[in-house]
Amino acid sequence: FSRGYYDEAEKNFKLLVSSNNAASALYQLARIEVIRGNYMNALDYLKKANTIEYNYYAVLLTGKVYVLLNNYLEAKETFMMLYGTSSDSYAKIEMVKLLIREENYDEAFTTICSISDRKGIANFEKMYAFLAKKTNAFSNDVDFTKLNYDYSLNQIIDYDEYLAFDKATE
């Protein structure tokens, strides 16, 4: 959906909630609420969607919403539920962002090193370099001669990035 059509999209998704696509419609309603900044409403929709049908992206968005609500414990538990899935790289990178917020750089570095599929992860090298510098743990994984790794926390973790993956899949 594009900007300005949220009300219309919301109305249509609410009609779909009673259909066979209820979980998908609830997920889309949650996305609209996140964009509007109504995180508690989004969480309500996501909880309903997740009880109807498992959806990786709905669970991932649930973790992101917990972060936006500053409920880091629930966010961590939610992201860890996705570990071991075929797309766990996205959950792990969200965990890394959360650990950086908490200034738990050692655990963040360990987590980022455990990510096997790094393709499509925005700012992976920047985060890796930032954490390697913070923990004094350099690796052969990244050629630091080609990176300017003097990034600030704000350059790496942007609150709007929490929705970047979801927006990219519209």
Side-chain angles (χ1 to χ4, degrees), residues 1-104 107-108 111-112 114-127 153-170:
F1 20 83
S2 61
R3 298 225 178 262
Y5 295 100
Y6 299 130
D7 292 337
E8 185 178 337
E10 179 182 31
K11 185 175 86 176
N12 291 329
F13 287 128
K14 283 184 177 179
L15 290 173
L16 286 174
V17 168
S18 60
S19 72
N20 291 338
N21 295 322
S24 178
L26 289 164
Y27 169 69
Q28 296 299 338
L29 286 167
R31 291 179 59 206
I32 290 170
E33 293 299 332
V34 169
I35 291 166
R36 289 178 172 162
N38 299 326
Y39 305 130
M40 291 304 295
N41 291 347
L43 194 57
D44 288 340
Y45 284 130
L46 289 165
K47 285 179 180 180
K48 288 176 189 171
N50 291 330
T51 59
I52 294 171
E53 176 183 292
Y54 173 80
N55 178 316
Y56 176 90
Y57 300 107
V59 176
L60 185 66
L61 185 58
T62 301
K64 292 177 181 186
V65 170
Y66 279 127
V67 170
L68 293 167
L69 290 169
N70 296 315
N71 187 340
Y72 294 167
L73 180 62
E74 288 291 332
K76 286 178 184 179
E77 289 176 7
T78 304
F79 293 141
M80 288 192 304
M81 287 174 21
L82 298 172
Y83 286 16
T85 62
S86 61
S87 300
D88 72 351
S89 300
Y90 297 109
K92 286 182 178 180
I93 207 67
E94 295 303 328
M95 180 69 83
V96 169
K97 292 175 184 180
L98 175 54
L99 293 167
I100 291 172
R101 278 203 172 97
E102 294 181 325
E103 297 182 11
N104 187 343
E107 190 176 343
T111 303
I112 203 167
S114 74
I115 297 173
S116 56
D117 183 10
R118 299 168 183 177
K119 293 177 184 163
I121 298 178
N123 297 320
F124 178 86
E125 286 186 342
K126 289 181 183 180
M127 281 187 273
L153 181 61
N154 289 334
Q155 287 174 301
I156 294 171
I157 304 300
D158 180 2
Y159 287 97
D160 292 333
E161 277 187 36
Y162 271 94
L163 302 175
F165 179 75
D166 297 303
K167 288 179 182 173
T169 59
E170 289 181 355

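Just so you know, residue 1 is the first one in the sequence shown, and it goes up from there.
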message: Please enumerate all residues that pass salt bridge (Lys or Arg N to Asp or Glu O under 4.0 Å) together with Glu102, with sequence neighbours excluded.
response: Lys76

Can you sort out the partners of [X] under side-chain contact (heavy atoms from CB on, under 4.5 Å), two or more places apart, ordered by chain and number?
X	value
Leu69	Tyr39, Met40, Leu43, Val65
Lys92	Tyr83, Asp88, Thr111, Ser114, Ile115
Asn50	Leu46, Ala58, Val59, Thr62

Exercise: identify the closest heavy-atom pair between [X] and [Y]:
X	Y	value
Ala75	Gly63	CB-O, 3.6 Å
Tyr45	Glu33	CE1-CG, 3.7 Å
Ala49	Ala23	CB-O, 3.6 Å

field: With Arg101, the side-chain contact (heavy atoms from CB on, under 4.5 Å) member among Val96, Val67, Asn70
entry: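 Of the listed options, the one satisfying the test is Val67.
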
Taking atom [atom1] of [X] and atom [atom2] of [Y], what is their separation to the nearest 0.5 Å?
X	Y	atom1	atom2	result
Tyr90	Leu60	OH	CG	9.5 Å
Met95	Ile93	CE	CD1	11.5 Å
Tyr56	Thr85	OH	OG1	4.5 Å
Met81	Tyr54	CE	OH	7.5 Å
Met80	Leu82	CE	CG	11.0 Å
Leu61	Glu94	CG	CD	10.0 Å

- request: Kindly indicate, with the supporting measurements, whether the criterion side-chain contact (heavy atoms from CB on, under 4.5 Å) is fulfilled by Tyr66 and Leu73.
  value: CA-CA 8 Å; Tyr66 279 127; Leu73 180 62; over 6 Å; no

message: Checking Asn71 now: which residues fulfil side chain to side chain donor-acceptor pair (under 3.5 Å) with it, not counting sequence neighbours?
response: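 Testing Asn71 for side chain to side chain donor-acceptor pair (under 3.5 Å), a comparison that skips the adjacent residues, returns none.
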
- request: Under the side chain to side chain donor-acceptor pair (under 3.5 Å) rule, collect the residues that match up with Glu107, sequence neighbours excluded.
  value: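 Side chain to side chain donor-acceptor pair (under 3.5 Å) check on Glu107 returns Asn104.
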
